[in-house]
Amino acid sequence: MPNYAIGIDLGGTKILTGLVNKGSGEVLFSIKQKTGKEKDAESIVEKIKLSVNELLDNSHFDIAQIDSIGIGAPGQVDRDRGILISAPNLNCENLNLKAIFEREFYVPVFLGNDVEIATLGEMKFGAGKGCNDFVCIFVGTGIGSGIVQNGHVRSGATGTAGEIGHIIVDAGGRPCGCGSNGCLEAYASRSAIEARIMGALKKGRASVITEYMRDDKAISSKMIRKSLEHKDELITQILFEASDYLSNGLATIINFYNPELIVLGGGLIEAVDEFYERTITKAKTKALPVPASKIKFKKAKLGDFSGVVGACFLEEVQKEKNTSKILQD
Ligand SMILES: [Zn+2]
């Protein structure tokens, strides 16, 4: 009998919910909801409830067939108690998601961090399958990473390991959302790249990208790819600059952690091959020769679903943690 779980990837802009066959990693059904502009704890909880109910309705599954619900949230989490401590992007603080949803659905609920679940997904069924020591780096609104050590995602002393987005690549440089200056994500995240493009366009720089943009002025990874294919000067300059900074960050990880493999994910990495290839080539030349000689790079394999799949394995992670605690006591 296959085991099924529901994985929820709670993001700053969307909530992706999926029904997953844990044996194969297949996402049988999924629902995507926008979090909307007016975000608060109540509306987030309501949207998750709706998503889970709709998912069960659409799939004709009964909640009794579900082993667990796993949620990955963008922020700091208390994994043992299932509390979302703080998620500035969602306007949520001290939200006991475990208690709320266990009361609602009568199944065990587990909470993790958004990058952690994406890393777990890639480890179980994606680009990291079969590799015990690797680092997953996701370039999105920010830049986050998950560290897999001996087949386990390392959470660190305070549960915040892997904050690669805040390694400083330019002392005293651009301000970062964390309050510091010169952090990697202020240069190479999707949002940083978008801000650079919008800023340059506002100043009157010409670019072919304006031909692809719609009224909402949103910039997609596809638009960036098409502009690069057209050898657009502005987009090439901005992307290459971001790629230089990102390769600095990667070289640091190669030297410091000496992983076998780095898995890179996120919309821009997936869609823009030139950005990916250029970044990994530069990273290898910048890193020390010995750790660089063994490093492999792969693109994340599960795309949007790495988090949803990984969230279904938070139960396993928590159980292992509890067992090791008992053994230590
Ligand atoms: Zn920062």
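Atoms within a ligand are numbered from 1 in the order they appear, just like the ligands themselves. Values reported hereafter were calculated over all heavy atoms of this structure, with side chains retained and with hydrogens, waters and symmetry mates removed. Worth saying up front: this structure is predicted, and the values here are computed from it rather than measured.
- Note on R190 versus E185: no salt bridge recorded, every NZ/NE/NH1/NH2 to OD/OE distance being 4.0 Å or above.
- Ionic pairing of K298 and E122 is not present here: no N-O contact between side-chain nitrogen and carboxylate oxygen is shorter than 4.0 angstrom.
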Counting only pairs under 3.5 Å, give me each side-chain donor-acceptor contact of residues 124-139, with atom names and distances, residues two or more places apart or in other chains.
| unit_1 | atom_1 | unit_2 | atom_2 | d |
| --- | --- | --- | --- | --- |
| K124 | NZ | E316 | OE1 | 2.6 |
| D133 | OD1 | N150 | N | 3.4 |

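- In this structure F240 satisfies the side chain to side chain contact (heavy atoms under 4.5 Å, CB included) test together with T236, E274, R278, sequence neighbours excluded.
- Protein N/O/S atoms closer to the Zn ion (ligand 1) than 2.8 Å number 4 in this structure.
- The side chain to side chain contact (heavy atoms under 4.5 Å, CB included) test applied to H152 returns E320, not counting sequence neighbours.
- Under the 4.0 Å criterion applied to side-chain N and carboxylate O atoms, K98 and D80 are not assigned as salt-bridge partners.
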